[in-house]
A.B. asks: 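Structure below; questions to follow.
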Amino acid sequence: MIDPNILKDNTEILEENIKRRKLDISLEELITLDELRRKGKNEADEIRSQQKKLSKEIPSLKGAKKEEALEEAGALSNSVKELTKKADDAEKNFYEKWVKIPNIVDKTSPDGSSEDDNKELRIIGDIPSITKPKNHLELGENLGIIDVEQAANVSGSRFSYLLGDAVLIEFNLVNWVISLLNNKGFTPVVPPVLVRENALYGTGFFPDDAEQVYSIPNDDLYLVGTSEVSLAAYHAESILEDDKLPLRYAGFSTCFRRESGTYGKDTSGIFRVHQFDKVEMFSFCSTEKSKEEHEFLLSIEEEIMQALELPYRVVDVCAGDLGASATKKYDIEAWIPSQQKYREVTSCSNTTDYQSRRLNIRTKKDKKSTFIHTLNGTALAVGRVLIALLENNQNEDGTVSFNDSVASIVGLEKLS
RNA sequence: GGAGAGGUGGCUGAGUGGUUGAAAGCGCUCCCCUGCUAAGGGAGUAAGGACUAAAAUCCUUCGAGGGUUCGAAUCCCUCCCUCUCCGCCA
């Protein structure tokens with residue numbers, strides 16, 4: 001959620017933002033609702049104030065005067081109830097719409113409406129020349145380390161079994177990334193993956209992306225699609241000490257996504273599945289330093305890609321392709337030989353105060369409290385990195401071999 | 001899953017219908033005092049919101065939501081959370 005004051009103070013910023021995000025939203029209605037809400041509140045407050053004053057006098061009154069006062073207070077009480085109800089409704093009407101207003105896009109984010117308009121910032125690493133590259137599924141099945149067929153019988157489509165060396169690689173990768181982040185001052189976290197509705201609202205996944213989230217209706221819980229949710233909510237409703245910022249966390253968790261609306265997209269293998277493991281960086285940052293922090297998180301993502309010697313490019317996501325909570329977002333896309341394309345393996349967003357406002361996370365500076373900025377970035381999306389590693393290091397016979405430095409990270413030299 | 005206890009300000013903790021947004025203590029800030037330190041004295045110390053140029057003022061908040069009442073931290077209902085005991089369990 002963005003600051004409601006912007007609606008009356010800086011309407012033009014909102015106008016421009018809506019344009020840049022290619023949204024069809026009328027501000028007029030919101031402005032009216034906002035005015036109604038303020039007016040309603042004032043009216044209710046005023047009458048309530050009268051009522052409170054009168055009811056304080058009542059105990060010192062006697063006889064007829066008391067009767068009179070009681071009667072008047074009763075009437076006031078009724079109108080307070082009425083006006084409060086009206087004010088609450090107005091408030092609700094406004095916020096219902098207001099929470100859907102996405103974050104203000106950063107000046108430096110490129111314009112555009114879709115993925116195709118994202119701006120390529122740099123390409124790093126050489127694309128390997130592989131004749132007739134096999135895709136990761138073919139490689140993985142032959143090596144006996146990925147089984148989606150039986151997973152489909154057990155759980156349905158878009159699930160997988162990782163087996164044998166794939167599992168060793170996963171644990172080695174995770175361990176390596178967590179240590180790397182720990183050394184950089186991130187606190188490693190294994191967060192809850194089942195959360196309450198509130199955490200999802202707070203992070204901006206609800207109400208917009210609710211259809212992507214698995215729910216456990218019996219217990220009113222939801223499976224997180226990323227540990228960003230539980231990491232962000234970790235400091236909900238609190239005031240963080242300014243000199244302790246930025247607070248950095250590295251969360252490892254399984255992630256669950258319904259992938260509704262992606263029928264026919266990436267149907268083969270484990271590129272797009274309902275369940276995968278991920279190490280996520282999350283930072284609670286002061287408002288002045290969040291841009292810097294954003295670059296810092298991106299630099300770590302690149303460091304990881306480079307250490308794994310995966311060819312990749314960095315993309316600055318355009319305004320129209322940005323999620324609601326982000327003001328700016330970088331994606332790293334790894335080269336996928338079987339597709340002859342760069343595909344997303346990480347995503348790094350600055351969500352400024354969009355989440356902190358909803359989660360009520362503040363800091364105090366010079367006696368004034370401000371909403372802090374939050375940022376998130378993928379350190380390691382296990383499944384997709386595994387795909388990139390398999391495909392980019394494949395041999396013609398379907399085996400996979402890693403050079404020494406990569407082997408020292410993944411823990412083995414050859415898959416055969 | 002069964003039985004019980006409890007949730008009050010940064011913390012400890014008093015408060016069962018009427019200037020209680022909240023005693024007291026701790027902590028913190030400022031001032032005074034003592035050569036320094038230790039000790040002592042005094043003042044201040046929640047958040048959010050409306051309106052403001054700013055202040056004043058007003059409103060909300062004692063786990064959350066609802067109810068009773070002229071008036072609720074205090075009474076009633078629902079939910080959440082924490083703790084103790086029993087059972088079960090990686």
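Owing to the predicted nature of the structure, the values given are computational and were not obtained by experimental measurement. Order of the sequence lines sets the chain letters (A, B, ...), proteins ahead of strands, with each chain counted from 1.
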A.B. asks: Between the side chains of A:Asp45 and A:Arg48, is the shortest nitrogen-to-carboxylate-oxygen separation below 4.0 Å, so that they form an ion pair?
C.D. replies: yes
A.B. asks: Look at the side chain of A:Asp45 and decide which nucleotide, out of B:C80, B:G49, B:C70, has an atom nearest to it.
C.D. replies: B:G49
A.B. asks: Tell me which nucleotide, if any, is Watson-Crick or G-U wobble paired with B:U19 when both distances must be under 3.5 Å.
C.D. replies: none
A.B. asks: Between B:G21 and B:A46, how far is it from one P atom to the other, in whole Å?
C.D. replies: 15 Å
A.B. asks: If you look at every heavy atom in A:Ile101 and A:Leu30, which pair is closest and at what distance?
C.D. replies: CD1-CD1, 3.6 Å
A.B. asks: Assign the ring pair A:His274 / A:Tyr214 to parallel, tilted or perpendicular, where the plane angle (0 to 90°) is split at 30° and 60°.
C.D. replies: perpendicular
A.B. asks: Figure out the CD/P separation between A:Glu71 and B:U69, and round it to whole Å.
C.D. replies: 16 Å
A.B. asks: If I pick the C1' atom on B:U8 and the same atom on B:A73, what distance separates them, to the nearest angstrom?
C.D. replies: 7 Å
A.B. asks: Can you tell me how far P in B:U74 sits from the matching atom in B:G67, rounded to whole Å?
C.D. replies: 14 Å
A.B. asks: Take the protein atom NZ of A:Lys81 and the nucleotide atom C1' of B:C70, then report the distance between them rounded to whole Å.
C.D. replies: 10 Å
A.B. asks: Return the pairing partner of B:C51 with a 3.5 Å limit on both distances, Watson-Crick or G-U wobble; otherwise return none.
C.D. replies: none
A.B. asks: In the structure shown, which nucleotide is the Watson-Crick or G-U wobble counterpart of B:U82, with both distances under 3.5 Å?
C.D. replies: B:A5
A.B. asks: Taking the P atom in each of B:A23 and B:C62, what is the distance between them to the nearest angstrom?
C.D. replies: 16 Å
A.B. asks: On a whole-Å scale, what distance lies between the P atoms belonging to B:C77 and B:A5?
C.D. replies: 14 Å
A.B. asks: Applying a 3.5 Å limit to both distances, which nucleotide forms a Watson-Crick or G-U wobble pair with B:U29?
C.D. replies: B:A43
A.B. asks: Does a side-chain heavy-atom distance below 4.5 Å link A:Pro246 with A:Lys289?
C.D. replies: no
A.B. asks: From NZ of A:Lys56 over to C1' of B:U69, roughly how many Å is that when rounded to an integer?
C.D. replies: 16 Å
A.B. asks: Once you apply a heavy-atom cut-off of 4.0 Å, does A:Lys41 come out as touching a base, just sugar-phosphate, or nothing?
C.D. replies: sugar-phosphate
A.B. asks: Assess whether a salt bridge exists between A:Glu259 and A:Arg158, defined as any Lys/Arg side-chain N lying under 4.0 Å from an Asp/Glu carboxylate O.
C.D. replies: no
A.B. asks: Under the ring-ring contact (aromatic ring centres under 6.0 Å, His included) test against A:Tyr201, which residue among A:Phe206, A:Tyr354, A:Tyr222 passes?
C.D. replies: A:Phe206
A.B. asks: Measure CG/A:Asn42 against C1'/B:C51 and give the value in whole Å, please.
C.D. replies: 7 Å
A.B. asks: With a 3.5 Å limit on both atom pairs, tell me what B:C89 is paired to, counting Watson-Crick and G-U wobble, or say none.
C.D. replies: none
A.B. asks: On the nucleotide B:G49, are OP1 or OP2 found under 4.0 Å from the side-chain N or O atoms that A:Arg38 carries?
C.D. replies: no
A.B. asks: Can you tell me if the side-chain N/O atoms of A:Ser77 get under 4.0 Å from OP1 or OP2 in B:U69?
C.D. replies: no
A.B. asks: Looking at every strand, decide which applies to A:Gln51 at a 4.0 Å heavy-atom threshold: base, sugar-phosphate, or nothing.
C.D. replies: sugar-phosphate
A.B. asks: Counting side-chain heavy atoms from CB outward, which of B:C70, B:C59, B:C51 is closest to A:Lys8?
C.D. replies: B:C51
A.B. asks: Any side-chain N or O of A:Arg48 below 4.0 angstrom from OP1/OP2 of B:U60?
C.D. replies: yes
A.B. asks: Describe the nucleic acid contact of A:Leu54 in one word from base, sugar-phosphate, nothing, applying a heavy-atom distance below 4.0 Å.
C.D. replies: nothing
A.B. asks: Quick one: look up who B:U69 pairs with, Watson-Crick or G-U, both distances under 3.5 Å, and put none if it's unpaired.
C.D. replies: none
A.B. asks: Measure from the side-chain heavy atoms of A:Lys52 and tell me the nearest of B:C51, B:C59, B:C70.
C.D. replies: B:C59
